[in-house]
**Q** 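Supplied in structure tokens, the structure appears directly below.
Every chain is numbered from 1 and lettered A, B, ... according to where its sequence line falls, protein lines coming before strand lines.
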Amino acid sequence: MNGKELVRITDVTKVFKKTGFFRGSSSVLALDNISLSVKKGEILGIIGESGSGKTTLAKLILGLLKPTSGSISFADVRNHEHESRKPAVQVIFQDPYDSLSHMMTIGEIVAEPCFIKYGRSYVPEKVRQALESVGLIPVDEYLHKYPHTLSGGQRQRVAIARAIVTQPDMIIADEPISMLDCSIGVDILNLILEMNEKSGITFLFITHDIAAATYICNNIAVMKAGKIVEYGPKKQIISQCSHEYTDSLLASARGEVIKNY
Amino acid sequence: MHEKKLLQRLQDPKGLIGLLILFFFIMMAFLAPMLTPYSPSDASSQPLLVPDGEHPLGTDDVGRDIFTNLLYGSRTSLIVAFSVSFGVLVIGTLAGVFSGYVGGNPDRIMMRSVDIFLMVPDLPLILILAAYLRPSIWNIVFILTIMGWPVGARITRAQTRTLRVSGHVDFARVSGAKDWYVIRKHIVPDLYPIMITSFVMQSIRAILSESGLAFLGLGDPSYPSWGTMIKYAIGYPLVFFTDAWMWWLLPAGICITLLVLGFVFVGQALEGDK
Ligand SMILES: Nc1ncnc2c1ncn2[C@@H]1O[C@H](COP(=O)(O)OP(=O)(O)O)[C@@H](O)[C@H]1O
Ligand SMILES: [Mg+2]
């Protein structure tokens, strides 16, 4: 693993086995021998239609699922005191309605990662800073609200705030804007860009929308049916794509790509 | 739907009436010794007295004060109701959460045994068991709990399974949460609404079953029960030929109906019915 890499995925395959009582067992090949590396500080886009295995890949990196075969390794990162440690990875899920517990206030939700990590001795100021930096101001107005009183865009901002509150090295954003209105989606994209530039957080940006990917990503990997069919810098993917699937994605989004790019 | 909303729901008229009825019976149970000078088994009065100042509802055929028995009867009903629903709640929730959270083979085994419990018809089994076991109130509580927990386990398990794969649980895991934290903070709080509804349902079931068993003579003789009162009243051959049924039979029936109605109202208010 060279110095620039943060995560390396080597020959990862994931098979979901379903064992039914009557229908016998069936299996789904969700990821088929995937290799990919995420470089430090970049925004890597993963594009693919629904069912192509994007979320499965994200969950494998997050450790929520175990690969059937292959390995996922993390490079050590150094903090300010030059101690090396494993990188901290956080996540923003697609559905801002299901990903925030409706039994907790916004303050509790954003504080949760700190609470899990440090126990009761976490710094409450961090929570306020996180909410401020995602634009939920004035913070006091939101701290004691419940998620069901917020709009989809505001909820997704809360989800981003709790992802950045522990200052992770990498954030996996799994289709963070696919359930939001267009204009709100652009705000969220800008927020991701800003955090990438200011705090140097590496992003894995998963989407089915090639326009959004071209707007913020440095590199793009295109997935289809559990395989990576194309990988390269954004410009290369757009201008000289070699796979017909990428071509069809581009064609369907052409109008927007030109507008945003 | 979180706790606050649940309490708000209780504030509509139905919920308030329900709570008021429950409060009335709880007071009745607690204050029974202060409200009457007699003991429920004290048979020293004249039998079959007509209501007067000393005996507000008269006496029964063996000379027990009916009003006293009515008061102490609410104790029995409430003890059975709360013990059974508490037992069902604890066992059902533990089993359901465990089964849904662990999944796999333990889940399969647990759910098959729940299915078997659910398939066995309640009432005949309760009757048989009650007839063979010693007629004690705790045996009744035991039987009703054993027959009731699978219902609780089924619903908590279903909810646990959906929660286990929800985004906020995944997020907590990614942040480093252990199973115990996830269950305590993300799963159990979400079960409060169904836990409360199941508590109410089981209470109703327990009250009706206890009175029914007592009516059939399978109750605990040392605990005065509304069901027993109805049984003796109806068993007395002349009850319908005099006015005695008005103060002997009717009040016990009204108490059972009212108490169940109280729980029904609270349950409906919690579920958001208007
Ligand atoms: N927990 C699971 N059990 C069984 N099959 C699954 C599971 N999760 C995903 N799959 C299957 O894996 C494939 C990829 O799913 P997913 O990664 O969610 O795709 P995407 O996020 O790109 O839409 C789909 O065919 C899906 O049905
Ligand atoms: Mg997905």
**Q** Need one label for A:Leu100: side chain, backbone, both or neither, based on atoms under 4.5 Å from any heavy atom in chain B.
**A**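 Only the backbone of A:Leu100 comes within 4.5 Å of chain B.
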
**Q** If you draw a 6.0 Å radius around OH in A:Tyr97, do more than 12 non-hydrogen atoms from other residues or ligands fall strictly inside?
**A**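 More than 12 heavy atoms, drawn from other residues, nucleotides or ligands, come within 6.0 Å of this atom.
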
**Q** With chain B, which of A:Ala88, A:Pro96, A:Ser101 has the greatest number of heavy-atom pairs at distances under 4.5 Å?
**A** A:Ser101

**Q** Is B:Lys185 close to chain A through its backbone or its side chain, or both, or neither, when contacts mean heavy atoms under 4.5 Å?
**A** both

**Q** So does B:Ser166 get a backbone contact from the side chain of A:Asp98, meaning a donor-acceptor N/O pair under 3.5 Å?
**A**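 Not a single qualifying donor-acceptor pair exists.
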
**Q** Contact between B:Lys178 and A:Ile116 at the side-chain level, heavy atoms closer than 4.5 Å - yes or no?
**A**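 SC-SC contact between B:Lys178 and A:Ile116 ruled out.
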
**Q** Distance check, rounded to the nearest 0.5 Å: A:Ile109 atom CD1 versus B:His168 atom NE2?
**A**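 Between A:Ile109 CD1 and B:His168 NE2, I get 9.0 Å after rounding to 0.5 Å.
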
**Q** Roughly how far, to the nearest 0.5 Å, is OG of A:Ser99 from CG of B:Asp170?
**A**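 Rounded to the nearest 0.5 Å, the CG-OG separation comes to 10.0 Å.
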
**Q** Take atom CZ in A:Phe16; do more than 12 heavy atoms of anything else shown fall under 6.0 Å from it?
**A**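 Buried by this count: over 12 neighbours within 6.0 Å.
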
**Q** For B:Phe171, which atoms come within 4.5 Å of any heavy atom of chain A: side chain, backbone, both, or neither?
**A**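 Both parts, heavy atoms under 4.5 Å.
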
**Q** Is chain B contacted by the side chain of A:Phe115, its backbone, both, or neither, given a heavy-atom distance below 4.5 Å?
**A** side chain

**Q** Go through it in stages, so that I can follow the logic: the residues are A:Gln90 and B:Ser175, the test is side-chain contact (heavy atoms from CB on, under 4.5 Å), and I'd like the CA-CA distance, side-chain angles, deciding distance and then a yes or no.
**A** CA-CA 7 Å; A:Gln90 268 300 2; B:Ser175 307; 3.1 Å; yes

**Q** Looking at B:Phe86, I'd like to know if its CZ atom is crowded, meaning that more than 12 non-hydrogen atoms belonging to other residues, nucleotides or ligands lie closer than 6.0 Å.
**A** no

**Q** I'd like to know whether CE of B:Met201 has more than 12 heavy-atom contacts from other residues, nucleotides or ligands below 6.0 angstrom.
**A**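 No - once you tally the heavy atoms of other residues, nucleotides and ligands closer than 6.0 Å, there are 12 at most.
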
**Q** Which heavy-atom pair separates A:Met103 from B:Pro189 by the least distance, and what is that distance?
**A**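 Residues A:Met103 and B:Pro189, closest heavy atoms: CE-O, 3.0 Å.
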
